[in-house]
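Here's the structure, in structure tokens; my notes come after.
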Amino acid sequence: MTFKDLEIIPPILSALSEQGYTAPTPIQQQSIPILLQGKDLLGCAQTGTGKTAAFAIPILQNLLANKTGTKSRNISALVVTPTRELAIQIDENFTKYGKFTPLRNTVIFGGVKQASQVKALRSGVDILIATPGRLLDLIQQGYISLNHIKYFVLDEADQMLDMGFIHDIKKIIAKLPTERQSLFFSATMAPAIVNLSKKILGNPERVTIAPEQTTAEKVEQCVYFVPRQNKIPLLKHLLREEDIASALVFSRTKHGANKIVKLLNRSDIHAEAIHGNKSQNARQKALENFKNGDTTVLVATDIAARGIDVDSLSHVINYDLPNVPETYVHRIGRTGRAGASGMAYSFCDVEERPYLRDIQKLIGQTIPSVKEHPFDTVEDNGENNNNNNARPPRGNNNSQNNRRKSNYRSSNRSRSPRKD
Ligand code: AMP
């Protein structure tokens, strides 16, 4: 199937071909016809499936079909998304796909001064991408009216609820015209999410793409059992010895992320951190450096990493395992995007074993553990006993491992790692 088969109009087709998109992804194949017909949509899909284009393309096409002139622009499409990074990314996608149309889009988010956002709004926009807080703020100040919204997208609904945006969302919904097309996306469909979707959608068509397991199957995974104090040496070792083009390293806390960066930089491994305590500019700069390859290692917290879309990210490293198993799937979904393959390493200390069990239950797989690595002092207690064929990461065969192990031990005799 091609985008032409989906009856996408020439200006958008040209933009897609400029992006190098040759065929629609499954969510695009299923959602675009529904949305072009003006129906509501309940999409169960995570980032990485091509879901942004799945809603952006039909919105652009529908807006263009109904456009009467450019003199008076009203905000006709609203996309609400939980994080600034995601908002910026969606805005960039609208800009790319709408490049050959007269439609205008802009993005607003908190944590920065509002002046330039207000200026962009004043000059007139058709499509607004927003995080909830700043949206309500600018509505209250009279800079934004939602009276002309024809298309409303609530993106990453599960994350919205996790981040406590439920009241903001309800306030936003109350301001929308009842006559509208609504799209609701969530990676998971817990009862609270389904309830929220009922408040937004009329009689939606449902599209379910890439169940959590699919991403997990696509990404090559392995776990290193490692005592907490050996995690930094193990991380340095992997970054030096493995063929890692780009690594997104996950830390559970902001403080932890800073510490990892500091210790890596001290060992001449250039790394940057991205988390909520960094200024918006610092976050954008770190992301840009990572995207253009100036930084190979980006250390992030879950919330900050939510919107990170880096083409061909080769490795995700879970320095800390998440205590919410779905988060693991979100994390490893940063690599292996849009059909590419990816690699996910997880570090698991003794206290994190229960998290690992929950993750394995969710994804329905036993993650192979790397045996005999240079920093393992934790005895495998048999929980992972299905992995006799455990395959070490690429280019990391056992003889290499043993050699590294003995090298490491001989050069670090004075260290005595804690026995867990
Ligand atoms: P998303 O799920 O919207 O975050 O998209 C994930 C990635 O897939 C982004 O880097 C998009 O640019 C890319 N992408 C979206 N649609 C296609 C397509 N039809 N062909 C190739 N890449 C795509």
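Remember, it's a predicted structure, so these values are computed and weren't measured experimentally. Just so you know, ligand 1 is whichever comes first in the structure, and atom 1 is the first atom listed for that ligand.
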For ligand 1, the portion of Gln89 having any non-hydrogen atom under 4.0 Å away: neither

Thr327-Asp302 side chain donor-acceptor pair, cut-off 3.5 Å: no

Ligand-residue contact atoms, ligand 1 with Phe3, heavy atoms, under 4.0 Å: 19 (N)

Check: Thr106/Arg104 side-chain N/O donor and acceptor closer than 3.5 Å: no

Identity of the nearest option to atom 3 (O) of ligand 1, non-hydrogen atoms only, from Asn93, Thr22, Thr52: Thr52

Candidate list Val107, Leu103, Leu128, Ile59, test side chain to side chain contact (heavy atoms under 4.5 Å, CB included), partner Phe94, passing option: Ile59

pair Ser246-Ile244: side-chain heavy atoms closer than 4.5 Å: no

Ring centers of Phe185, Phe55 separated by less than 6.0 Å: yes

contact_flag Ala23 ligand 1 heavy-atom lt 4.0 Å: yes

Within-cut-off N or O pair, Pro24 and ligand 1, under 3.5 Å: no

Selection from Tyr97, Phe55, Phe185, Tyr21 by shortest heavy-atom distance to atom 12 (O) of ligand 1: Tyr21

